[in-house]
Amino acid sequence: MRRLICKRICDYKSFDDEESVDGNRPSSAASAFKVPAPKTSGNPVNSARKPGSAGGPKVGGASKEGGAGAVDEDDFIKAFTDVPSIQIYSSRELEETLNKIREILSDDKHDWDQRANALKKIRSLLVAGAAQYDCFFQHLRLLDGALKLSAKDLRSQVVREACITVAHLSTVLGNKFDHGAEAIVPTLFNLVPNSAKVMATSGCAAIRFIIRHTHVPRLIPLITSNCTSKSVPVRRRSFEFLDLLLQEWQTHSLERHAAVLVETIKKGIHDADAEARVEARKTYMGLRNHFPGEAETLYNSLEPSYQKSLQTYLKSSGSVASLPQSDRSSSSSQESLNRPFSSKWSTANPSSVAGRVSAGNNKASSLPGSLQRSRSDIDVNAAAGAKAHHAAGQSVRSGRLGAGALNPGSYASLGKATNYGKLYSVLPLVSVKTKSVLIIAIYSCMLRINHMF
């Protein structure tokens, strides 16, 4: 049996192997068992690869943000007009064309290539001016189900063409595409967590076009509901879309859903995912521009840790003006601490102020650019008031009495009253505990002086 099989294999000849009869070229069956010779790197013929080969560089989206196969809005804009050109001669012809397109897209048993061409034909009609016919909008509503079915297709090419067509419809029709946008947006959100990059990025790009060109308040609940999705990528993208919506839309389109926006942003700031929290903080800036009162109420309702995170983000993005008024004043007071410590006391009396703070602030003054904490035992306002009070007292004493005109037994001739006056001027500057100690010390010194004289 083995001999018979080997004989049949040797007798087998391929139609493409014409010279195997002469014995100069081995037969196709025998060549299949040969080990191919290794390719040398110096041979340019062997080392050359086709652009579409598995080992060669990837073409078409490898350098995009989403990775290989990803598409962006620039690709969509190019594809809007990269369609076969047609002409519309009458509204009846337009109706017949749209009916044929709906018939093809509504039946997934048609070949995927036919469905992709039908979607391109919708864009061809838009380029040809189909939006100028009244019958176009009537048939467009009938196409809602067909467009949703195309966006759910398993073929990535069909999904891509459906997203491009939806984006083109939103760009051309604007708010007139409100019904179609409301019907297709939930299906587009289902594409966001798709593992196929071309599907996920196509859905995201289509949603961005709809947000930019179709400002319909009914779309807001569709976006905010996905901000609490169980899928982390969906939540991240939803807050990104919400930020874009707050940037593009007018305030009157958002007033009806202001409470929903505030609650959604608050949940996003508390989100378990770090990137989702970052995107939610971005939306706070847009909310502040439209509804400053609601934004301040939202900020005050946050925990201190979340307030600090939001404040840090707004400062890093250069948006301190978006903070509430109370936070801006505290922020400016904190920034005043960045100045050198010696500059704060430059107007004070060196003998009364610099001597008191030099011992405890040598380390702090060596770092003039560092942020210094406020000191509980020093009050800047009290220091200024004490300085003025002390200067007024000195002028009164110098005007009424002179040291040479006093009797030898008076307290002023001892040269100690000025030191007591300095001690009294320090009292408003220090803490309660230190103040009590100083008062007791002054009182005991005065008693000793009375006993002496």
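Side chain of Thr214 to backbone of Asn175: no donor-acceptor contact under 3.5 angstrom is found. Without hydrogens or angle criteria, Asp178 side chain to Ala181 main chain gives no donor-acceptor distance under 3.5 Å. With Ser238 contributing its side chain and Asn226 its backbone, the two residues share a donor-acceptor pair below 3.5 Å. Side-chain N or O atoms of Tyr284 include one that pairs as donor or acceptor with a backbone N or O of Ala295 at under 3.5 Å. At distances below 3.5 Å, at least one donor-acceptor pair connects side-chain atoms of Gln307 with backbone N or O atoms of Leu302.
Side-chain polar atoms of Glu303 and His270 form a donor-acceptor pair below 3.5 angstrom. Residues Gln247 and Asp243 have side chains that bring a donor and an acceptor to within less than 3.5 angstrom of each other.
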Assess whether side chain to side chain contact (heavy atoms under 4.5 Å, CB included) is satisfied between Trp112 and Leu154, documenting all intermediate values.
CA-CA 10 Å; Trp112 69 270; Leu154 299 178; over 6 Å; no

Let's go through Val192 and Cys204 carefully: what are the C-alpha distance in whole Å and the side-chain angles of both, what is the deciding distance for side chain to side chain contact (heavy atoms under 4.5 Å, CB included) to 0.1 Å, and is it a yes or a no?
CA-CA 6 Å; Val192 173; Cys204 292; 3.9 Å; yes

Test log, rule salt bridge (Lys or Arg N to Asp or Glu O under 4.0 Å), inputs Asp271 and Arg235:
CA-CA 9 Å; Asp271 197 277; Arg235 294 204 305 271; 2.9 Å; yes

Does Lys266 form a salt bridge (Lys or Arg N to Asp or Glu O under 4.0 Å) with Glu263? I'd like the steps, not just the answer.
CA-CA 5 Å; Lys266 184 176 181 180; Glu263 187 65 24; 5.5 Å; no

Given side chain to side chain contact (heavy atoms under 4.5 Å, CB included), test Gln250 with His290 step by step and report yes or no.
CA-CA 8 Å; Gln250 299 294 328; His290 291 285; 5.9 Å; no

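Nearest heavy atom pair, residue Ile220 against residue Ser253, reads CD1-O, 3.8 Å. Of all the heavy atoms in Ala280 and Ile265, the pair that sits closest is O-CG2, 3.9 Å. Nearest approach of Glu182 to Leu222, heavy atoms of both residues: O-CD1, 3.8 Å. Closest heavy-atom contact between Ala200 and Asn194: CB-O, 3.6 Å. Between Trp249 and Ile211, the shortest heavy-atom distance links the atoms NE1-O, 2.8 Å. Taking all atoms of both residues into account, the shortest heavy-atom contact from Phe76 to Ala167 is CD2-CB, 3.8 Å.
Taking CZ of Arg237 as the reference point, atom CG of Leu244 lies at 12.0 Å (rounded to 0.5 Å). We find the CZ-CZ distance between Arg155 and Arg160 to be 15.0 Å, quoted to the nearest 0.5 Å. The CE atom of Met199 sits 13.5 Å away from the NZ atom of Lys152 when rounded to the nearest 0.5 Å. For the atom pair CD of Glu95 and OG of Ser90, the computed distance is 8.5 Å after rounding to the nearest 0.5 Å. With rounding to the nearest 0.5 angstrom, the CG atom of Leu119 is 11.0 Å from the OG atom of Ser124. Put simply, CZ on Arg208 and NE2 on His213 are 12.5 Å apart, with the number rounded to the nearest 0.5 Å.
Applying the 6.0 Å contact sphere to CG of Asp134 captures no more than 12 heavy atoms from other residues, nucleotides or ligands. More than 12 heavy atoms of other residues, nucleotides or ligands lie within 6.0 Å of CZ in Arg218, so this atom counts as buried by the packing criterion.
Residues that satisfy the side chain to side chain contact (heavy atoms under 4.5 Å, CB included) test with Ser231, not counting sequence neighbours, are Pro193, Ser229, Pro233, Val234.
Side-chain contact between Ile164 and Ser202 is absent, with no heavy atoms from C-beta onward closer than 4.5 Å. With contacts defined as side-chain heavy-atom distances shorter than 4.5 Å, the pair Ile122/Leu105 qualifies.
Tested against Ile210 for a side-chain contact (heavy atoms from CB on, under 4.5 Å), the candidates Leu169, Val185, Val216 yield a single pass: Val185.
Ion pairing between Lys100 and Glu103 fails under the 4.0 Å rule for side-chain N and carboxylate O. The pair Arg115-Glu161 fails the salt-bridge criterion, with no side-chain N (NZ, NE, NH1 or NH2) lying under 4.0 Å from an Asp/Glu carboxylate O.
Listed by first then second residue, pairs satisfying ring pair (Phe, Tyr, Trp, His ring centres under 6.0 Å) with a partner in residues 141-179 read Phe80-His168, not counting sequence neighbours.
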